[in-house]
Enquirer: 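I'd like to ask some things about the structure below.
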Amino acid sequence: MEISKELADMINDQLNFEIYSGYIYLAMAAWFEDQNLAGIAHWMEIQFDEEYAHAMRFWRHLYERGAKVELKAIEGPKTEWASPLEAFEDAYEHEKLVTQRIYKIGELAEEQKDRATLSFLNWFYDEQVEEEDKTMEIRDLLKMIGDSIPALLQLDAKLGARGEAPPVPQESTGP
Ligand code: MG
């Protein structure tokens, strides 16, 4: 079944939005580097890698369905935060926005009975639960930490141990 132009456009916008998400996390990585919190900066860099992988999943789905990818200008992200807590509050709010956007794509796919897109989106529904959970958990830890420098450095060490992002998915079958 051919994907509709309307649905393909929405997925293309989301592809661009995932790159924008990566941009936000990369800006946060730079800010945490400036704060000498190299562990949290590392966590943000891995998050950037994950956003790139998300974008590529949308890329792959569009090409597999015979649609085209259109790369658009990416807005410059915020570059300063008042505190680590403020950065993670932003991250959590941003992930909730991403979830809403993906649900909207799902609503249109449901309307159009595009089961291939619905099946494809299942991975993202699960992933967004994880993304919201991760950012919410770190935000809550930062609230608990408050002004304690030793506790903040302990969190920095913990987040510095984050493993590599999963590989970017490749095309499953050849022609
Ligand atoms: Mg994402």
Side-chain angles (χ1 to χ4, degrees), residues 3 6-33 39-65 67-79 81 84-110 114 116-142 158-172:
I3 191 165
E6 194 187 2
L7 189 53
D9 283 349
M10 239 178 142
I11 292 173
N12 187 69
D13 280 350
Q14 190 57 30
L15 185 168
N16 280 273
F17 199 77
E18 296 291 343
I19 296 173
Y20 173 59
S21 303
Y23 232 40
I24 291 175
Y25 288 119
L26 199 56
M28 288 180 178
W31 184 79
F32 278 107
E33 285 285 355
I40 308 181
H42 166 80
W43 191 95
M44 288 293 178
E45 279 181 49
I46 303 291
Q47 196 63 26
F48 167 74
D49 293 342
E50 282 206 0
E51 299 308 336
Y52 165 64
H54 295 168
M56 292 313 287
R57 279 179 185 266
F58 288 112
W59 168 292
R60 187 88 40 226
H61 187 67
L62 286 175
Y63 277 114
E64 281 177 351
R65 301 294 305 283
K68 279 195 177 14
V69 164
E70 189 191 341
L71 295 178
K72 297 182 178 168
I74 305 294
E75 199 187 319
K78 180 171 163 181
T79 54
W81 289 268
L85 174 60
E86 193 189 271
F88 274 91
E89 273 169 348
D90 279 6
Y92 177 52
E93 291 306 315
H94 184 77
E95 289 304 336
K96 285 196 289 187
L97 174 64
V98 172
T99 303
Q100 279 176 13
R101 292 176 60 102
I102 290 172
Y103 283 8
K104 284 243 179 312
I105 301 171
E107 282 164 25
L108 184 63
E110 267 163 18
D114 187 327
T117 294
L118 286 170
S119 168
F120 162 78
L121 287 175
N122 279 332
W123 185 89
F124 277 99
Y125 298 143
D126 294 342
E127 178 69 3
Q128 281 313 116
V129 171
E130 226 181 88
E131 296 288 62
E132 287 187 23
D133 179 51
K134 278 190 306 200
T135 48
M136 179 174 61
E137 189 183 314
I138 299 169
R139 179 205 62 179
D140 290 348
L141 285 171
L142 284 164
K158 181 182 141 102
L159 298 189
R162 183 177 185 183
E164 296 296 303
V168 174
Q170 300 298 315
E171 208 170 350
S172 49

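Numbering of residues begins at 1 and proceeds along the displayed sequence. Note that ligands are numbered from 1 as they come in the structure, with each ligand's atoms numbered from 1 the same way.
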Enquirer: Would you call Glu50 and Arg162 a salt bridge, using N to O less than 4.0 angstrom?
Expert: yes

Enquirer: With respect to the Mg ion (ligand 1), what is the nearest N, O or S atom of Glu18?
Expert: OE1

Enquirer: Got a sec: is Glu95 within less than 2.8 Å of the Mg ion (ligand 1) via an N/O/S atom?
Expert: no

Enquirer: Do Asp49 side-chain atoms and Ala165 backbone N/O form a donor-acceptor pair below 3.5 Å?
Expert: no

Enquirer: Which is the closest N/O/S atom of His54 when seen from the Mg ion (ligand 1)?
Expert: ND1

Enquirer: Does the shortest distance from the Mg ion (ligand 1) to an N/O/S atom of Glu51 fall below 2.8 Å?
Expert: yes

Enquirer: Would Tyr23 and Tyr20 count as a close aromatic pair, with their ring centres under 6.0 Å?
Expert: no

Enquirer: Could you tell me if the ring centre of Phe124 sits under 6.0 Å from that of His54?
Expert: yes

